[in-house]
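In what follows, residues are counted from 1 in the order of the sequence shown. We use all heavy atoms of the structure for the numbers below, so side chains are in, but hydrogens, waters and symmetry mates are not.
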Amino acid sequence: MAGGLVVWGGGSAGPARDGHREGAAVVCWPATDASPLERAGVPFRAAEDLLGPEGLAAADGAARTWARVWGRLPLVDGKSFRELVEWRGGSLLWSAEAFLREATAGPRCARTVEIAMRLLETAAPSEVDAPGLAPADALLLARASTARGVLFHGPAPAAVRPLGPARPASRHGLRRALASVLAPSAAPPLPPPVAGAGLDAAPVVALVAGSEEGRTIAPLLRAISADLWRSVVPVTLAELPRWETRRVRRAASGAEAFLRELRRRLRGTPGLAESYTYRGVHFADLAGGDLEALLLEHLPAAVRRMEAALELLASAGAAAVLLAVPGRDERRALVHACAAAGVGAVVVRLGAPSPGDADRADGGPQPLAALDWRPGDDPGPVVARLREAAHGRVGAG
C-alpha cells in the first residue's frame, strides 16, 4: 500500500500495523484514543496535528456555514426552507438556527466531510483504508475519496441508518392533547410585579430564562420601574405555559398541521436530497431524521412559546418587553412574538455571548436593542431603550 493512507478509528491496531508495513501512512481519526497504536508501536500522526488549528477551525466553520446556507437553498417550487416556514409575518427558521446548527445531522456531516477532504488534500494518498471508523464516518470518508479520485478500500457500508439529533427529541403528544382539553379559555392573572405595584401605566414585562436570571436583574427591574413610572412584571420561561389558553392551543394545533403537511410535501423531493451536499459529497441518507426533528418537534415548540408570549403580552397590555433569555432560539421566538404583537423588545445579555451568537440584521425580527448588563452597571442605557420602546407602543399609557 505504498503511497496509501490508513485512517484508523479505533479497535485493533493490527490493520494499521499491516498498512504501515506495506508503506502506508497512518492517521488517527479525530477524538480517537490512540493508546492501542502506541502500545503496538505503530508510527502514526493524530488527525488534529496533521490538519492543524487552521484545518480544525475550517471543519467547525463548515458546520456553521452549511447550516446557515441550507435554510436558504431552494427545496421545492423555488422556495427555501426559510420561505416555507413563514408564521405571523416572519420565518420560523429564525427560531431554529441554533438547533439546526448544533443538534441536527447535516452540519455534523459537513464537518466530517471537511475533515476527510483536508486529510486527503494534505496527505495526498493514492488509496485509503479506514479500519475501525464509525459507519457514518467511514461512509463519508469513502464518498470524499470518490470525489477526490482516490481509491477507497473500506470497509464502507452500502447504507447507514440516519444519524439521530444530538439533542433527544421530546415527545409529549398525549400530554399536549390533554392540555388542549384542559387549557383555560382566558389568560391567568399576571404575577406580582417586582416593582411599581399599584401604578396605572401599562407595565413592562420582563421575560427571563429562570429564577436565577430574575434575581440577577432584580436591581435593573427596580431601576426601570422607578425611572419609567411603570410596574415591571417578571415571567420565567417555565411559567410561560400558563398562558397557553384555548386560543393558543388552537393556533399551535394549526401550526403543527401545517408543519406536518410541509414534511409530507418535502420528503423525497430532489431539492431536499440535493441540499444535503457539501464539497460534492452527499449525505441526505445520514441526515434523514433532520426534517422530522425540525418540523415535528423543534418548530412546533417554538410556535407554542411564541403564541403563549403573544397571549401574555395581550393580557398584560405590555408597554415594552425586557428579554433576559440566553438561549438563542428561545430568545428569537420571543422577539418574533413581540414583533407580531407590536411591542418593542430590548434584549439584555447577562453573560459573554457564545461563538457565532451574533444576530444578523437580515435574519428575522429584531429587538429594538441588545445590551450587555451586569449587576452594578449603570441601568441608564437599558432604561433609555425601554422608554423608547414604550413610547412607540400605541396606547401604552
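Every side-chain contact (heavy atoms from CB on, under 4.5 Å) that Ser275 has, sequence neighbours left out, goes to Trp70, Leu73, Leu75, Leu272. Asp49 meets the salt bridge (charged side-chain N to carboxylate O under 4.0 Å, His left out) test with no other residue; sequence neighbours excluded.
Within the 4.5 Å cutoff, no side-chain heavy atoms of Asp285 are placed close to those of Pro162.
A donor-acceptor contact shorter than 3.5 Å is absent between the side chain of Thr32 and the backbone of Cys28. The backbone N or O of Arg82 lies less than 3.5 Å from a partner atom in the side chain of Ser91, making a donor-acceptor pair. A donor-acceptor contact shorter than 3.5 Å links the side chain of Asp329 to the backbone of Ala98. Checking side-chain atoms of Arg230 against main-chain N and O of Ala202 turns up a donor-acceptor pair under 3.5 Å. The closest donor-acceptor contact from the side chain of Thr236 to the backbone of Glu239 lies under 3.5 Å. A donor-acceptor pair under 3.5 Å links the side-chain atoms of Asp290 to the main chain of Ala105, judged by distance alone. Checked by atom type and distance alone, the side chain of Arg332 pairs as donor or acceptor with a backbone atom of Trp94 at under 3.5 Å. Counting only distance, with no hydrogens or angles, the side chain of Glu330 and the backbone of Ser95 share no donor-acceptor pair below 3.5 Å. Side-chain atoms of Arg267 do not come within 3.5 Å of backbone N or O of Leu291 as any donor-acceptor pair. A donor-acceptor pair under 3.5 Å links the side-chain atoms of Glu213 to the main chain of Gly210, judged by distance alone.
Taking 4.0 Å as the cut-off between side-chain N and carboxylate O, Arg304 and Glu256 count as a salt-bridged pair. Between Glu83 and Arg72 there is no salt bridge, since no side-chain N of the basic residue sits under 4.0 Å from a carboxylate O of the acidic one. Under 4.0 Å is where a charged nitrogen must lie from a carboxylate oxygen, and between Glu307 and Arg249 no such pair does. Salt bridge present: Asp77 and Arg265 bring a charged side-chain N and a carboxylate O closer than 4.0 Å.
Annotation for Gly11 and Pro36: closest pair O-CB, 4.1 Å, computed over non-hydrogen atoms. Residues Phe258 and Glu86 approach most closely at CE2-O, 4.0 Å, considering heavy atoms. Minimum heavy-atom separation, Ala13 to Leu37: CB-CD2, 3.9 Å. In terms of heavy atoms, Leu295 sits closest to Leu259 at O-CB, 3.3 Å. Annotation for Ala339 and Pro365: closest pair CB-CB, 3.9 Å, computed over non-hydrogen atoms.
Lys79 contributes atom NZ, which lies 6.5 Å from atom CG of Leu84 (distance to the nearest 0.5 angstrom). Summarising the geometry, atom OG belonging to Ser225 is positioned 11.5 Å from atom CG belonging to Leu220; distances are rounded to the nearest 0.5 Å.
Within a 6.0 Å sphere centred on CZ of Arg161, other residues, nucleotides and ligands contribute 12 heavy atoms or fewer.
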Let me have the donor-acceptor pairs involving side chains of residues 115-124, under 3.5 Å, with sequence neighbours excluded, atom names and distances please.
unit_1	atom_1	unit_2	atom_2	d
Arg118	NE	Glu114	OE2	2.6
Glu121	OE2	Arg279	NH2	2.3
Thr122	OG1	Arg118	O	2.7

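Side-chain N/O atoms of Trp29 and Glu48 include no donor and acceptor closer than 3.5 Å.
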